[in-house]
Amino acid sequence: MRLELLLPIILPLFAGALSLALWRSLWLQRALAVVMTLAMTLAGAWLLHSVSGEGYLVTDMGGWEAPFGITLVADIMAAIMVLMTGVMGLIVTVYSLGSIPEGHERFGYYPLMHLLLAGVAGAFLTGDIFNLFVWFEVLLLASFALMTLGGERAQMEGAIKYVTLNLFASAIFLSAVGITYGMLGTLNMADIAQKVGQLEPEDTGMITVVAMMYMVAFGIKAAAFPLFFWLPASYHTPPVAVSALFAALLTKVGVYALFRFFTLIFDQDVSYTHGIMLWAGALGMLAGVLGAAAQFEFRRILAFHSVSQIGYMIVALALMSPLAILGGIFYIVHHMIVKSALFLVSGVTYRLMGSHELKDLGGFYKHRPGLAVLFLIQALALAGIPPLFGFFAKFAVIRAGIEAGEFVVAGVGLLVGLLTLYSMIKIWAEVFWKKVPDHVTDTDRLTGVVADSSIWLLYLPLILMAIATVALGLFGQPFYTLVEAGAHQLLNPEGYIEAVLGRGE
Amino acid sequence: MAYVVGALFAAAIYMMLRRSIVKLVIGLMLLTNAANLLVFVVAGMTRGAPPLIAEGASVPGALVADPLPQALILTAIVIAFGVLAFSVVLIHRAYEVVGTDDLDQMKDTDT
């Protein structure tokens, strides 16, 4: 029984229950949220420390030996993801203290957030496919409720699409789990991976069919091309702190599941499954960035960019080389930080000028130069300008593409980088550089005439994330070494199987 | 049983493609049931003894029914029930807020 493996799941679950008990006291709920996300971050750091020393951590829940019971497994990638979940939870919590309307807080914002974090951490750590389905449902239900909290028209419309498509994905996932069990008689990921390798040749066609079902199910959750339509329709509707949390975590769970399944289990017919993912990723990059180019609403631009960034991650997975997987993990971490930071910036501009439309915003460079710098760092990182973190992520993926001989995909990646820069410059020019538009009369908040006492709560997370983006770019060597080991683990699933199944002997 | 599952999936997809949000939810309901039944069918329905292990032994003696698919389905049914309850409330609120039950009218957030 390894405590650090359980804490990231138990802490938020416990915190969720406790904040439900403290329903009437907002102050206690807020304090609890900060303390618990901080504790989760520390637990994640502990987990990462243990994993980087030992390689794999495995715990059988309830003492049922693998492959019969539910197993929790952490390798380096999972540990990095859990740590990032804690960090993002903490950052968004601090931001929420200053930005979420009290009405939302009263209707269970904090309990839902804890449950969401528990679901995400559980999905990262589980080693059992049905358990993964259950964690998916936990985080989905929490996210449904968070998305609709407030009940505005746009939220309702976005939520219907989000709920429908995600439930559809869950049904496909459940069917795939059932078929997997029917074929192999096991639900443990390591055991499945082992048994898939021993199948008779005539059964491998069926395995590919199941692999495609998983790909579609996780692809919908990850918003991969061509299954991403729920994302731009819904991500810009909830309060900004919620959007930032979703952008950081929800699609990444889908991407993580794809990474897990298509390195551990379905690596037989690589040219077929990964070939599809390669083109889905490339088209996703292009579709997302072109969609963003057509938008003139701050958050919609960011939502479409998520689709494009997910494309990079999927391409990284599809290339299946050590450098590509490394780039993929880099990209996931990079995107978690950068995209949520950009969403949080849009929250600050909304608070100061009361709009998300680019045409109603302006003058931030003059009045709020600090915010402009915070935005610029993240925007340039998103576009992949050295020496920021995003550059190394993009560089690794594109370099891996060239090494694999996929010149078209690498070229698309470079082009999309340029188009990303175009979208970011569009925001920069409209929101920050442009003068305050003439039709905007209420500029008291922007110019600081009306003091905003709690706005430092919004700035603090942004400053931390900007530091993280710069620091991971400039002093990234330790992180690089760590991720390199993580990529090695993913590409050599024997270690994972051995760690889960081979302990008793 | 396999035909039932197929028919349920087909009916679910058909309902989900209709324009009314009520039919959308009915479609979701059918879909989850179809998936549950699918798990039941593909996991191999066997008629056997209860899966109990005699005292002192470590494996069950005679042919026993596999309890795992039922456990999976039970979990999935509970989850589906929760999700369904949420979706029913959601469409009710959406109908109140948006003032229509026609999905084609709900395109404010589309681009």
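All chains are named by letter (A, B, ...) in the order of the sequence lines, taking the proteins before the strands, and each is independently numbered beginning at 1. FYI, side chains are in, hydrogens and waters are out, and symmetry mates aren't considered; it's all heavy atoms of this structure.
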>> Quick check on the interface: out of A:Thr180, A:Val163, A:Thr164, who has the most heavy-atom pairs with chain B under 4.5 Å?
In response: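 Between A:Thr180, A:Val163, A:Thr164, the count favours A:Thr164.
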> Taking B:Thr32, B:Asn36, B:Val42 one by one, which has the highest count of heavy-atom pairs under 4.5 Å against chain A?
Replying inline: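 Looking at each of B:Thr32, B:Asn36, B:Val42 in turn, B:Val42 comes out on top.
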> Which one, B:Leu28, B:Leu68, B:Ile21, leads in non-hydrogen pairs under 4.5 Å with chain A?
Replying inline: B:Leu68
Interchain contact, [X] with chain B, by part (heavy-atom threshold 4.5 Å):
X: A:Thr148; answer: side chain
X: A:Ile179; answer: both
X: A:Glu152; answer: backbone

> Side chain, backbone, both or neither: which part of B:Leu37 has a heavy atom under 4.5 Å from chain A?
Replying inline: neither
> Under a 4.5 Å heavy-atom cut-off, does chain A meet the side chain of B:Phe9, its backbone, both or neither?
Replying inline: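 Interface part for B:Phe9: side chain.
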> Looking only at heavy atoms, which of residues 130-140 of chain A get nearer than 4.5 Å to chain B?
Replying inline: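 Interface residues of residues 130-140 of chain A: A:Phe130, A:Phe133, A:Val134, A:Glu137.
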> Considering all heavy atoms of both residues, which atom of B:Leu90 and which atom of A:Met156 are nearest to each other, and what is their separation?
Replying inline: CD1-SD, 3.7 Å
>> Can you give me the closest heavy-atom contact between A:Ala171 and B:Ala35, atom names plus distance?
In response: O-CB, 3.8 Å
> Got B:Phe86 and A:Leu167 here, is their nearest side-chain heavy-atom distance under 4.5 Å?
Replying inline: no
> Going by heavy atoms in the side chains, are B:Leu72 and A:Leu174 under 4.5 Å from each other?
Replying inline: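 No, too far: nothing below the 4.5 Å cut-off.
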>> Rounded to the nearest 0.5 Å, what separates atom CE in B:Met16 from atom CG in A:Leu165?
In response: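 Between atom CE of B:Met16 and atom CG of A:Leu165 there are 7.0 Å.
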> Does the pair B:Val39 and A:Val177 meet the rule for a side-chain contact (heavy atoms from CB on, under 4.5 Å), with working shown?
Replying inline: CA-CA 8 Å; B:Val39 174; A:Val177 168; over 6 Å; no
